[in-house]
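Heads up: the structure comes next, in structure tokens.
Basis for what follows: all heavy atoms, side chains included, without hydrogens, waters or symmetry-related copies. Every chain is numbered from 1 and lettered A, B, ... according to where its sequence line falls, protein lines coming before strand lines. The structure displayed is predicted, hence computed values, not measured ones.
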Protein chains: 2
Amino acid sequence: MYLKNPDTSELGNSIISNSIELIDELGFEKFTFKKLSIKINSPESSIYRYFKSKHTLLIYLTSWYWSWTDYRLVLTTININSPKEKLKRSLNILTEPVLEDKLVSYVNEVLLHKIISTESVKAYQTKDVDEENKNGCFTTYKNVVNQIANLILEINPTFKFPHMLISTVVEGSHRQRYYSAHIPSLTDTKSNEDVISKFYSELVFKMIK
Amino acid sequence: MYLKNPDTSELGNSIISNSIELIDELGFEKFTFKKLSIKINSPESSIYRYFKSKHTLLIYLTSWYWSWTDYRLVLTTININSPKEKLKRSLNILTEPVLEDKLVSYVNEVLLHKIISTESVKAYQTKDVDEENKNGCFTTYKNVVNQIANLILEINPTFKFPHMLISTVVEGSHRQRYYSAHIPSLTDTKSNEDVISKFYSELVFKMIK
DNA sequence: GCAAATATAATAGCATTACTATCATATATG
DNA sequence: CATATATGATAGTAATGCTATTATATTTGC
């Protein structure tokens, strides 16, 4: 996923934090290593020592996001016994926007979440998926989905499509948030209300009943 | 959406039919007008007379797909009175893969559907959405969603999120088909079974009940 | 049937993108 | 203090995403 681990050096940290800001600002297609190199005041070639392309950088960011989400899922479900309550809390983590930026100094988690919800499709939806999947590029996301799928099976062991349900909910909620801001006729909510999270929670509980 | 209407000339037709094949073959990011120009044996500059970029070509194809889908929706629901039956049939059109290629000589609808389901996200998920949306680039898709949303309201006039539900179903089913072929841990089906369509129909009917 | 309009071909060019390579210098480590 | 490692500075290259120009076909309107 990376050529050199970006959290082992200052330059690496700077690449991560500034790429998050720049991708958020420009969008993934207009984001380039050249522009990033100007922003971080280092030669382009130094960035290439960490990541072999902007595509693998996006995969790295996506993967980072999902391990971080996994960690947050553990935190909100710890010491809670009821599987239903666990699921409810987990779904909130998955479908609500991230509002605070605290954990890791060089990562703005609020912006990272924004990027993931709008740009991460572009990380999997390419002709290289199969190979990248083989190399474990998507394991952190798959783990999260799988974990919640197991929670669902605790509640209803006969439910046949827990993975399908969860990935639908995760990506659906990202998409709906985007639509409410940009293509409102594809949704039923203005960007200020918070209806999306409730909609998807309801969807899950109705489906597994 | 286009600079010159591609269905008014042979070259235009050739651009459309060959771009569908080439995007399917290479994926959208590796597809270029240069490669297309070699395939159709015409200079690159001629393609630029029809479309100002590969991005607007993708928008054109997406838009074409949704008007065609609209037409198919009319066909399958005509003369049917029960709104529930109408909805059921419409959902099949929206969630099942396209298997036959008949309507328009220069468009391979089977391949077009494949492209739409894997690549069309890249048509809306960019920094230019707002302007493109203003210019009506997404109206054909919005029309389809809106039409089915109205059907839902016929069945349950108090349901609050028909657009959200339908866009979730449409895009979810595309996504799940992709996952079953490429990232199976994110779904619960092998690419040969047909479980996806049923899952999303059930989802709709459970939600609007 | 001819002039004018329109469409396409042929060719060139240019800034940007996505890299790779090389060599020098700074910094860390053993 | 030597050596390894990380970064900087600079150059270069093929491909991408266009725009421009001129020439040659083809269609159309009178």
Send over the distance from [X] [atom1] to [N] [atom2], rounded to a whole Å.
X       : N      : atom1 : atom2 : result
B:Leu22 : D:dT16 : CG    : C1'   : 15 Å
B:Leu3  : D:dC18 : CG    : P     : 11 Å
B:Glu29 : D:dG17 : CD    : P     : 11 Å
B:Leu11 : D:dT27 : CG    : P     : 13 Å
B:Lys30 : C:dA18 : NZ    : P     : 14 Å
A:Glu10 : C:dA28 : CD    : C1'   : 13 Å

Stretch residues 31-58 of chain A: residues that reach within less than 4.0 Å of DNA chain C through a heavy atom: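 A:Thr32, A:Lys35, A:Glu44, A:Ser45, A:Tyr48, A:Lys52, A:Ser53, A:Lys54, in order of number.
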
Phosphate contact (D:dT7 OP1 or OP2) by A:Lys4 side-chain N/O below 4.0 Å: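 Checking A:Lys4 against D:dT7: at least one side-chain N or O falls below 4.0 Å of OP1 or OP2.
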
Aromatic plane relationship, B:Tyr124 with B:Tyr141 - under 30° parallel, 30 to 60° tilted, over 60° perpendicular: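 Rings of B:Tyr141 and B:Tyr124: parallel, as their planes differ by under 30°.
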
Whether A:Phe199 and B:Phe159 hold their rings parallel, tilted or perpendicular, with breakpoints at 30° and 60°: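 Judged by the thresholds at 30° and 60°, the geometry between A:Phe199 and B:Phe159 is tilted.
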
Test side chain to side chain contact (heavy atoms under 4.5 Å, CB included) applied to B:Leu153 - qualifying residues, sequence neighbours left out: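 Side chain to side chain contact (heavy atoms under 4.5 Å, CB included) check on B:Leu153 returns B:Asn150, B:Pro162.
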
Short side-chain donor-acceptor distance under 3.5 Å, A:Asn143 and A:Thr139: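 No, no side-chain donor-acceptor contact under 3.5 Å.
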
Distance-only donor-acceptor check, side chains B:Ser167 and A:Gln176, under 3.5 Å: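 There is such a pair (donor and acceptor under 3.5 Å, judged by atom type) between the side chains of B:Ser167 and A:Gln176.
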
Pairs flagged by ring pair (Phe, Tyr, Trp, His ring centres under 6.0 Å) wherever residues 7-33 of chain A is involved - sequence neighbours left out: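 Found A:Phe33-A:Tyr48.
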
